[in-house]
Amino acid sequence: MSEHTVKPLIRQAQPLPLGAYEVQGGIRFAVDVTDSGEKTTLRIMEQSTDEILCEICMNDYPACGNVCAVYVGGFKAGRIYYQYVRNGMVIEDIYGMKLHGGNTWGIFKPTEERAVYEPWRNTFSWGDDRHPAIPYHEMVLYKLHVRGFTKHSSSKVRHKGTFLGISEKADYFKDLGVNSLVLMPVADFPEVKVRELPPSLLPPTLLQSTLESDRLQDLSMLSSMSGNREPKTYLNCWGYGKAQFFAPKVSFAHSNCVAEFCTMVRELHKNGIEVILELLFDDSTPSGAILDCLRHWVLYYHVDGFWVNSEIVPVEMAAKDPLLAGIKLISSGIDPSRIYGKKIPAKKCLASADDSFQNTMRCFLKGDENCMSSFVYHNTSSQTQQGTVHYITTNNGFTLADLVSYDTKHNEDNGEDNKDGTDYNNSWNCGAEGKTRRRKVLALRRRQMYNAMVFLIFQQGTPMIYSGDEFGNSQQGNNNAYCQDNEIFWLNWRDLTKNRRHFEFVKGLLALRGAHPILHPEKPFRQMDYLSCGFPDLSLHGQHPWKANFDKDSRYIGIMYCGKYARRNGKEDSTFYFAYNMHWETKEVSLPVLPKGQQWEKIMDTFYEEPWNIMDDNVNAPQEEIPLEEDVVIRGRSIQIYMSIDHGKKIIL
């Protein structure tokens with residue numbers, strides 16, 4: 001202890017909550033010491049000098065079970081930092097809520113340098129911040145990586161690659177029409193990981209020919225190793241795997257990661273945008289710590305939900321936790337009946353999400369046979385006890401632009417001989433692999449991207465757009481850019497200008513969906529005429545009305561949404577007919593006959609480069625009036641949308 005430092009007051013403390021918190025007059029530390037028989041030492045250092053101020057054996061202060069807790073008086077958060085030592089080695093504090101040290105990205109730190117923490121002090125002023133509480137049927141999700149989203153010089157934000165950079169893009173999200181962000185891992189993770197260790201660096205008990213063990217890939221191993229050869233490392237910029245799950249990523253901030261994360265959430269909330277964290281815990285995280293972690297992010301960071309791995313996270317317990325009431329939980333494999341029984345919750349907080357929608361839509365998009373039944377199921381179904389999140393692209397796989405430009409992955413730059421990443425992309429390059437100047441190929445790709453966005457936005461679940469797909473971002477055929485902290489993975493915002501027409505198309509689709517409740521109903525369609533109005537709420541049609549074709553070679557389907565089953569502004573909504581033709585040949589189609597006094601008007605056609613007939617800034621201005629009982633032509637690999645209007649009236653959103 002420094003001769004200039006007053007000896008701190010040390011006494012027994014309460015065991016909960018675990019972690020290090022500033023309390024009146026000092027700091028309270030609580031840690032699980034386990035039942036290993038080894039002593040756990042708390043080491044406290046001064047921030048200004050890095051001098052060790054005191055060391056305390058936590059085992060001398062047992063509180064409850066394996067938890068030891070101590071109050072240390074005279075210290076303040078912001079002036080000290082701490083770490084735990086066991087058997088001469090620095091260990092991680094699972095409950096560490098803020099890592100101490102610089103925010104430099106891409107620097108390797110062994111455990112003794114990384115597992116250093118600052119006590120928690122809650123000083124952020126939230127004002128009148130409130131959760132937007134957007135129901136699933138009104139949500140439009142947008143998944144992004146904090147660094148990759150604004151790191152490119154073309155992003156034109158002041159704080160590139162940071163939480164504040166996301167705040168600066170709030171107007172962009174609103175303009176596009178998304179209202180919920182899904183953030184890829186933001187809990188502080190070691191972005192530099194070990195790919196290969198030389199035999200001289202391996203402890204004898206761990207010497208083996210291959211490095212398949214997660215333990216060997218963990219950087220904490222290096223803290224106890226010595227030798228002349230450097231280990232081979234790689235960059236894991238996505239952040240999946242082991243992390244400090246209670247702490248925001250220090251290098252995603254300009255200066256103060258806690259304050260800047262809170263600022264980001266507050267600014268997004270002001271703009272009616274929710275924040276959902278992707279927290280994929282590793283199997284070494286105790287269930288109790290997982291629940292504490294979720295509560296921590298809700299209580300101190302005001303996040304609106306989590307995307308979790310249900311095989312590790314106790315979802316049933318989280319769904320029933322009173323502190324997490326109203327918080328969204330998204331995962332695969334959730335059985336809501338185990339939580340609600342046969343009851344329908346007043347508010348849907350759970351949502352299922354998996355690749356089944358993605359795989360079906362990709363196959364139907366490229367014209368595979370025997371897809372019709374699966375397409376209709378995923379397009380029209382929803383659940384009563386939970387929401388359903390659907391996506392066509394995500395970080396694991398091709399971007400939308402690459403989905404229609406590459407038949408095979410091109411991950412050579414990842415340094416794994418193109419063996420990494422999924423081989424099953426269900427993609428189609430439209431006639432040329434990668435970049436091309438062939439106009440017919442480019443036109444087809446543009447049309448396929450339009451079609452995919454219609455699939456995504458007008459299904460009956462919650463759509464999730466992967467960042468950059470709204471303006472045709474490409475990763476040059478890389479479908480696993482986890483290690484590419486460069487222009488392969490960063491969004492190039494110049495593409496927004498180059499592909500402005502595609503952006504405006506997506507924006508128009510979202511505006512249409514949001515304006516018409518029949519296109520995003522709160523309750524599942526029953527496909528019945530339960531209003532006795534002459535039409536079911538949702539109906540399926542083939543080339544002839546009411547005769548859908550589900551043969552294995554069928555590639556055309558018409559889906560009609562009857563506006564009588566939804567109201568907007570106190571009036572019945574419009575009726576819509578979506579004509580999906582994923583065949584390469586043109587189809588002549590008869591539309592269902594509308595009630596007397598109404599007629600169909602075509603408002604969108606993906607076959608054309610300008611799919612909307614934009615007039616006076618109205619994306620739904622009339623494009624083509626359809627006389628009664630006249631067939632319409634649906635070009636190959638295209639989608640048309642028809643909307644009912646009264647005779648002699650213009651379409652108004």
Side-chain angles (χ1 to χ4, degrees), residues 1-2 5 7-8 10 12-13 18-20 27-47 49-63 65-70 72 75 80-102 107-119 188-190 192-194 197-208 211 213-231 233 242-244 246-247 282 284-286 289:
M1 183 180 295
S2 170
T5 304
K7 184 176 180 179
I10 303 173
Q12 177 72 53
L18 292 171
I27 310 292
R28 190 188 64 81
F29 299 88
V31 65
D32 177 6
V33 299
T34 73
D35 195 20
S36 63
E38 299 174 349
K39 301 292 185 180
T40 299
T41 299
L42 167 65
R43 180 183 294 164
I44 301 176
M45 286 82 75
E46 186 174 26
Q47 286 200 19
T49 64
D50 294 327
E51 182 181 7
I52 297 177
L53 299 177
C54 66
E55 293 186 330
I56 302 168
C57 180
M58 295 298 293
N59 300 72
D60 295 339
Y61 299 89
N66 288 332
V67 175
C68 292
V70 63
V72 185
F75 292 149
I80 60 105
Y81 60 94
Y82 74 96
Q83 62 184 179
Y84 289 109
V85 180
R86 183 179 297 159
N87 196 25
M89 294 181 60
V90 173
I91 62 172
E92 293 181 341
D93 179 11
I94 294 177
Y95 283 79
M97 288 169 278
K98 182 183 179 184
L99 271 70
H100 174 71
I107 300 298
F108 158 67
K109 289 185 178 181
T111 299
E112 62 263 25
E113 296 180 18
R114 175 172 166 76
V116 184
Y117 312 95
E118 296 181 20
D188 208 300
F189 56 90
V192 180
K193 291 194 172 185
V194 177
L197 291 175
S200 61
L201 292 184
L202 291 176
T205 57
L206 297 177
L207 188 60
Q208 51 186 341
L211 279 175
S213 169
D214 289 340
R215 185 182 178 195
L216 290 180
Q217 294 185 29
D218 192 329
L219 290 179
S220 64
M221 289 293 299
L222 296 184
S223 63
S224 62
M225 298 176 184
S226 61
N228 297 323
R229 289 177 56 191
E230 292 292 329
T233 61
K242 193 171 184 179
Q244 292 287 162
F246 284 77
D282 67 290
S284 66
T285 310

**Student:** Between L99 and R114, which heavy-atom pair has the shortest distance, and what is it?
**Tutor:** CD2-NH1, 3.4 Å

**Student:** Working note: T41 + Y84, criterion side chain to side chain contact (heavy atoms under 4.5 Å, CB included); need CA distance, chi angles, decisive distance, verdict.
**Tutor:** CA-CA 6 Å; T41 299; Y84 289 109; over 6 Å; no

**Student:** What's the spacing between F246 CZ and L18 CG if we round to 0.5 Å?
**Tutor:**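 Interatomic distance, F246 CZ to L18 CG, rounded to 0.5 Å: 8.0 Å.
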
**Student:** Measure the shortest side-chain to side-chain distance between T40 and L42 over non-hydrogen atoms and say whether it is less than 4.5 angstrom.
**Tutor:**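 Of all side-chain heavy-atom pairs linking L42 with T40, none is under 4.5 Å.
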
**Student:** Is any side-chain heavy atom of I27 closer than 4.5 Å to a side-chain heavy atom of Y82?
**Tutor:**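 No. Closest side-chain heavy atoms not under 4.5 Å.
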
**Student:** Is it the case that the side chain of D50 and the backbone of M45 share a donor-acceptor pair, with hydrogens and angles ignored and the cut-off at 3.5 Å?
**Tutor:**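 No; judged by distance alone, with no hydrogens or angles, the pair does not exist.
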
**Student:** How are the rings of Y81 and H100 set relative to one another: parallel (under 30°), tilted (30 to 60°) or perpendicular (over 60°)?
**Tutor:** parallel

**Student:** Looking at every non-hydrogen atom in both residues, tell me the closest pair between P8 and C54 and how far apart they are.
**Tutor:** CG-SG, 4.2 Å

**Student:** Of all the heavy-atom pairs spanning A13 and V70, show the shortest one and how long it is.
**Tutor:** CB-C, 3.6 Å

**Student:** Between CD1 of I10 and CD1 of I44, what distance do you get to the nearest 0.5 Å?
**Tutor:** 7.0 Å

**Student:** Check whether Q12 reaches the backbone of A69 with its side chain - one donor and one acceptor, N or O, closer than 3.5 Å.
**Tutor:** yes

**Student:** Taking only residues two or more places apart in sequence or in another chain, which ones pass side chain to side chain contact (heavy atoms under 4.5 Å, CB included) with A115?
**Tutor:**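 With neighbours one apart ignored, the set is V90, E92, T111, Y117.
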
**Student:** Walk me through whether F75 and L53 qualify under side chain to side chain contact (heavy atoms under 4.5 Å, CB included).
**Tutor:** CA-CA 10 Å; F75 292 149; L53 299 177; 3.9 Å; yes

**Student:** Rounded at 0.5 Å granularity, tell me how far CE in M97 sits from CD in Q244.
**Tutor:**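 The CD atom of Q244 is 11.0 Å from CE of M97, to the nearest 0.5 Å.
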
**Student:** For D93, give me all partners under salt bridge (Lys or Arg N to Asp or Glu O under 4.0 Å), at least two apart in sequence or on another chain.
**Tutor:**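 Partners of D93 by the salt bridge (Lys or Arg N to Asp or Glu O under 4.0 Å) criterion come out as none, since no residue qualifies.
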
**Student:** Check step by step if side chain to side chain contact (heavy atoms under 4.5 Å, CB included) holds for E55 and V85.
**Tutor:** CA-CA 10 Å; E55 293 186 330; V85 180; 5.9 Å; no

**Student:** Check for a donor-acceptor pair, side chain of E46 on one end and backbone N or O of I80 on the other, with a separation under 3.5 Å.
**Tutor:**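 Not a single qualifying donor-acceptor pair exists.
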
**Student:** Can you list everything that forms a side chain to side chain donor-acceptor pair (under 3.5 Å) with N87? Sequence neighbours excluded, please.
**Tutor:** none

**Student:** Quick one: NZ on K39 to CG on N59, what's the gap to the nearest 0.5 Å?
**Tutor:** 5.0 Å

**Student:** Could you state the interatomic distance from OG (S284) to CD1 (I94), rounded to the nearest 0.5 Å?
**Tutor:**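 The distance works out to 7.0 Å.
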
**Student:** Quick one: pull up CD1 in I91 and CD in Q83 and give me the separation to the nearest 0.5 Å.
**Tutor:** 10.0 Å

